[in-house]
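Structure first, then comments.
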Amino acid sequence: MYSEHKWTAVEKISFVVNIIPAGKVLPYGKVADLAGLPGRARYVSRALKLAPSEANLPWHRVINSAGKISFPKNSDLFQQQTELLRLEGIEVNQGNISLSKYLWQPDLATLVMTLPF
DNA sequence: GGGCGGGCAGTCA
DNA sequence: ATGACTGCCCGCC
């Protein structure tokens, strides 16, 4: 059955963030790409900030393209994100995460069939 | 409402 | 590492 539903940018972003597996991370820019919104990395951060907590998004799995946590080192959010990532077995040193170890590299063919948009 | 300016959990050269 | 550039939301005329 076709759905007439029009996916909003926020919905697409939420969807992509939701399918990042535990123990993996994805940069803002990649999230935007997979959501079909190339060049809109900043909008991803904005969307995450505005997303209702009830959505239970694994926001902590989104980091910047340099492989770092995008919060000031003394902030609560920085601490939270560090802890959440460690709970999933990801090594975090001073906000740095090894992309070569933890970058999510989805099989694109599978992904295309997974995304509803 | 419409328009403009500032700010941002980013990215790339 | 630094700076230029971006897309878009939000608050204020």
Side-chain angles (χ1 to χ4, degrees):
Chain A
M1 254 333 216
Y2 283 105
S3 167
E4 301 289 325
H5 186 271
K6 294 264 201 174
W7 290 81
T8 66
V10 171
E11 287 171 327
K12 292 179 182 178
I13 290 167
S14 301
F15 190 94
V16 171
V17 171
N18 250 319
I19 59 177
I20 303 172
K24 291 291 172 183
V25 296
L26 200 57
Y28 295 91
K30 293 284 194 184
V31 173
D33 289 346
L34 294 182
L37 305 165
R40 266 154 278 188
R42 293 195 97 130
Y43 187 56
V44 171
S45 65
R46 199 169 272 281
L48 291 181
K49 174 183 289 190
L50 301 179
S53 52
E54 300 84 55
N56 272 333
L57 292 178
W59 58 272
H60 57 280
R61 296 179 193 144
V62 184
I63 63 178
N64 67 34
S65 63
K68 302 201 232 172
I69 289 178
S70 282
F71 291 114
K73 292 214 168 69
N74 323 327
S75 63
D76 290 342
L77 283 172
F78 180 94
Q79 273 309 323
Q80 277 183 238
Q81 188 164 13
T82 299
E83 287 168 23
L84 288 169
L85 289 172
R86 285 182 176 151
L87 284 177
E88 302 183 347
I90 296 180
E91 304 167 68
V92 187
N93 315 308
Q94 309 299 309
N96 286 47
I97 292 131
S98 164
L99 285 180
S100 56
K101 282 192 192 171
Y102 301 115
L103 175 65
W104 184 41
Q105 301 182 62
D107 171 42
L108 289 184
T110 307
L111 193 59
V112 166
M113 294 186 289
T114 306
L115 299 177
F117 45 84

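A, B, ... follow the sequence lines: proteins, then strands. Residue 1 opens every chain.
Atom CG of residue A/L99 and atom NZ of residue A/K24 lie 10.5 Å apart, to the nearest 0.5 angstrom. Here the CG-OH distance, from A/L48 to A/Y43, works out to 10.5 Å after rounding to the nearest 0.5 Å.
Residue A/R40 has a polar side-chain atom (N or O) positioned under 4.0 Å from OP1 or OP2 of C/dC8.
Between A/F71 and A/W59, the ring-plane angle classifies as perpendicular under the 30° and 60° cut-offs.
In terms of position on DNA chain C, the residue among A/G39 and A/L50 whose nearest nucleotide sits closer to the 5' end is A/G39.
Applying the Watson-Crick and G-U wobble criteria (two distances, each under 3.5 Å), B/dC8 pairs with C/dG7.
Between the OH atom of A/Y43 and the C1' atom of C/dC10 there is a distance of 13 Å, given to the nearest Å. Atom NZ of A/K12 is separated from atom C1' of C/dG7 by 15 Å (rounded to the nearest Å).
The shortest distance between side-chain heavy atoms of A/P27 and A/L103 falls below 4.5 Å.
The local environment of NZ in A/K30 is sparse, with at most 12 non-hydrogen atoms from other residues, nucleotides or ligands closer than 6.0 Å. For CG of A/D107, the number of neighbouring non-hydrogen atoms (other residues, nucleotides, ligands) closer than 6.0 Å is greater than 12.
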Q. How would nucleotides 6-13 of chain B be written as a contact map, 5' to 3', with B for base contact, S for sugar-phosphate-only contact and - for no contact, using protein heavy atoms under 4.0 Å?
A. -BBBBS--

